[in-house]
Amino acid sequence: MSSERAPLSAEAMLASSADAVIGIDGELRVTFWNPAAERMLGWSADEVIGGELPIVPPELRPEHGAVLEQVRAGTPLTIFSRRMRRDGTALDVRVSTGCVYDDQGRHAGWVLVLYPREKESQAQTSAMERARLVRRLTDVVADINADLSLKSVLDRITSSLTELTGADAGGFVLLEEDKVRLVSLTHLSGELYGFSASLETSLFGELLRSGKSVLLANSDTRSLEDLIWADLPGLHTIALCVSNAQGRPYGALYALYSRRKVGHVELELLELLASHAGVAIGNAMAYEELKLQRAREQAVADSSADGIAVLDINGKVRKWNRSAAELTGYTFEEMEGKHPPFPIPVAHGDPVKHKNEGGRWLEILMARIPSTDEWVVDFRDITAQKALEEEREFFLASTGHELRTPVTVIQGYAAMLSRKGERLGPAGRQEASEIILDRARALAKLVERLRLGSDVASGEMTLDRVPFDLVELLGQSVAAFRPLAERQELVLDSEGPLCTVGDPLVTGMVMDQLLENALKFSPEGGRVRVHVDVDEDEDTLTIHVDDEGIGIDPGDEEQIFERFFQSGERGDRRGYGGLGIGLYIVRQLVREQGGEVTAHRLTKGTRMRITVPRHRGEDPGPDVVLSETSAAGEGGGVPSARS
């Protein structure tokens, strides 16, 4: 069987034309009258074929004849005229007239095509309305794209839906994996906002499975009562269209009809709006992602302890994080558009160290962003590091100074014993040996203090906590130092027992250091007084060590407890010596036992004040530890805590 179909005849095509087509021969008799002519004019083909054309009003017959004659003599002609229906009513029409020729090319008649001017007017009106809608769609799209907030974009899309498509209500449904959620609506109850449903059973799911871009759901073909859209009274049609964003389905735009009809124009506009909505949504999503990324970057910058600044190509500030403001004292508002208040490195990876007006030391690094011709400047506070470096240099210099004298003496006497030992005699050798031993003890004491300071700083000391008689321990310390007080009067004017809890050995070391300082910094003599006060309310004991020496400078009361610091004349190592770590060790040891030590200026001299916890027990008995340590033991060194 052949698959080729017979060609359509001209008569069949004319019979199917939507316009009225009439054929007349050279004698002006009707030869063809298609179904559209029957519908438009009221006569059937059987009634008019073979007779004269009945549709021309008498007053327009001259016009009709003139048109036929002009067409036969020349080209087809279209005029606007009036024709009569079978019921006698007049009809304004557009008439297009052309010649019909026989096989030999001779004139055989005319063909008339009639189109009601009423429909033409409707077509013009429809075209004008379509042009208006297109212009409005352009305005709506521009309005949608003007906003980069995703929520605002969705709301603008749904609010323009009813105007453009003639829908009575509408909404936008967001695709969320296997669910859909209503995220924007217009002319519907606000209670529906946020409603979720299964994608599988939703109209959106049906649309995605169909592969189409538009879906119509009609109450004549299915039930709409179980859908949330049934909230719209009289709902009879739902039209929905997919909105693709960034190459994938993002959501669907729903148009709901309860009174108006849905035509192809409405569906076409819905599809165009959904397409433009996808573009706007994609832009909004990209903007939201950019905002999120910037927010993350800002959060990272603000949480950084380093100061971070972004400079433009001219080296002026564009961004300035929280730490930058804290380190420099200048806010972003003060710095925007200005050069940073510190020098900029001249090369990558080449840091600059700078001390700012506030006394902070900053280390400044810079890197270039090639794509934007901007510079990122990172600067951090290195004040503590700088101070540590200075302390280290000071410590090395001080330690070298303190060690040089005893080492020199030991070397000298050792060399003398080696070369001239026989000539010195027993008394000379004994004297040289005692001097070497004395300087060796001084070295041991110095090294012990260095080690103790290291243990205290690293927190590696382990202290005992036992009750002991504080007054007894103070008495032992005072007694040990009396032989060393050549010009000073050293007294203890408190009586015991007064018990505290702590490490007796460590407390003895604290008192030894304070008494040594009191004697050393009282070169002109005077009285050194040790006294204990009892504070019944606070349940503490307070030790006072007062001297009448050179004192401390105003404002240095706290600084003297820092490592390597000495106040005023005390800092003259040629006169007083020392590393400046004794009081640092004292404070750490006292605090480890739950106490506190402070320094106070007197009219003449200094008062060191120590508070320790009081132990309210029985009088000292067999379980109470009595201090057996003294500042200068048998070897003259400082006893060490157990570690």
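All values below were derived from every heavy atom in this structure, side-chain atoms included, with hydrogens, water molecules and symmetry-related copies excluded.
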- Message: Please determine whether side chain to side chain contact (heavy atoms under 4.5 Å, CB included) holds for the pair Thr540 and Val612, giving the CA-CA distance in whole Å, both sets of side-chain angles, and the decisive distance to 0.1 Å.
- Response: CA-CA 6 Å; Thr540 59; Val612 295; over 6 Å; no

Would you indicate whether the side-chain heavy atoms of [Y] and [X] approach each other to under 4.5 Å?
{"X": "Val466", "Y": "Pro504", "result": "yes"}
{"X": "Arg529", "Y": "Val491", "result": "yes"}
{"X": "Asn517", "Y": "Leu583", "result": "yes"}
{"X": "Ile364", "Y": "Pro351", "result": "no"}
{"X": "Ile369", "Y": "Val376", "result": "yes"}
{"X": "Ile543", "Y": "Met511", "result": "yes"}
{"X": "Arg487", "Y": "Pro523", "result": "no"}
{"X": "Glu363", "Y": "Val352", "result": "no"}

Quick one: pull up [atom1] in [X] and [atom2] in [Y] and give me the separation to the nearest 0.5 Å.
{"X": "Phe561", "Y": "Asp556", "atom1": "CZ", "atom2": "CG", "result": "11.5 Å"}
{"X": "Trp375", "Y": "Met366", "atom1": "CH2", "atom2": "CE", "result": "4.5 Å"}
{"X": "Leu602", "Y": "Glu548", "atom1": "CG", "atom2": "CD", "result": "9.0 Å"}
{"X": "Glu472", "Y": "Ser477", "atom1": "CD", "atom2": "OG", "result": "10.5 Å"}
{"X": "Gln476", "Y": "Asp469", "atom1": "CD", "atom2": "CG", "result": "9.5 Å"}
{"X": "Ile552", "Y": "Thr606", "atom1": "CD1", "atom2": "OG1", "result": "5.0 Å"}

Indicate whether any N or O donor in one side chain lies under 3.5 Å from an N or O acceptor in the other, for [X] and [Y].
{"X": "Glu334", "Y": "Thr331", "answer": "yes"}
{"X": "Asp155", "Y": "Ser184", "answer": "yes"}
{"X": "Thr598", "Y": "Glu557", "answer": "no"}

- Start with the C-alpha distance between His354 and Asn356, add both sets of side-chain angles, then the distance that settles side-chain hydrogen bond (donor to acceptor under 3.5 Å, both in side chains), and finish with yes or no. CA-CA 6 Å; His354 169 73; Asn356 66 14; over 6 Å; no

Main-chain N/O of [Y] paired to [X] side chain as donor or acceptor, under 3.5 Å:
{"X": "Arg380", "Y": "Gly307", "result": "no"}
{"X": "Asn321", "Y": "Ile308", "result": "yes"}
{"X": "Gln488", "Y": "Gly525", "result": "no"}

Whether [Y] and [X] form a salt bridge (side-chain N of Lys/Arg under 4.0 Å from carboxylate O of Asp/Glu) is what I want to check.
{"X": "Arg322", "Y": "Glu326", "answer": "yes"}
{"X": "Glu176", "Y": "Arg181", "answer": "yes"}
{"X": "Arg587", "Y": "Glu558", "answer": "yes"}
{"X": "Asp503", "Y": "Arg465", "answer": "no"}

- Should Leu541 and Thr611 be marked as a side chain to side chain contact (heavy atoms under 4.5 Å, CB included) after you check the CA-CA gap, both sets of side-chain angles, and the distance that decides it? CA-CA 6 Å; Leu541 301 175; Thr611 59; over 6 Å; no

- Step by step, work out the side chain to side chain contact (heavy atoms under 4.5 Å, CB included) result for Leu365 and Val377. CA-CA 6 Å; Leu365 292 164; Val377 181; over 6 Å; no

- Item | Glu374 and its salt bridge (charged side-chain N to carboxylate O under 4.0 Å, His left out) partner, picked from Arg318, Lys319, Arg368, Lys316 |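 Running salt bridge (charged side-chain N to carboxylate O under 4.0 Å, His left out) over Arg318, Lys319, Arg368, Lys316 with Glu374 returns exactly one hit, Arg318.
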
- Hey, can you tell me if His531 and His544 have their rings parallel, tilted or perpendicular (30° and 60° cut-offs)?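 Parallel.
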
- Task: Can you label the angle between the Phe342 ring and the Trp320 ring as parallel, tilted or perpendicular, going by 30° and 60°?
- Result: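 Correct class here is parallel.
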
Distance-minimising heavy-atom pair for [X] and [Y]:
{"X": "Ala324", "Y": "Phe379", "answer": "CB-CZ, 3.5 Å"}
{"X": "Leu470", "Y": "Thr507", "answer": "CD1-CG2, 4.3 Å"}
{"X": "Val478", "Y": "Leu515", "answer": "N-CD1, 4.1 Å"}
{"X": "Gly594", "Y": "Pro613", "answer": "O-CD, 4.2 Å"}
{"X": "Ala599", "Y": "Ile560", "answer": "CB-CD1, 3.5 Å"}
{"X": "Val528", "Y": "Ala518", "answer": "CG1-CB, 3.8 Å"}

- Would Asp539 and Arg614 count as a salt bridge (Lys or Arg N to Asp or Glu O under 4.0 Å) if you check the C-alpha gap in whole Å, the side-chain angles of each, and the deciding distance to 0.1 Å? CA-CA 6 Å; Asp539 214 21; Arg614 183 180 183 187; 5.3 Å; no

- Task: Please test Thr542 against Arg609 for side chain to side chain contact (heavy atoms under 4.5 Å, CB included), starting from the C-alpha separation and ending with a verdict.
- Result: CA-CA 7 Å; Thr542 303; Arg609 184 174 181 270; 3.6 Å; yes

- Item | Atom OH of Tyr330 with >12 non-hydrogen neighbours under 6.0 angstrom | no

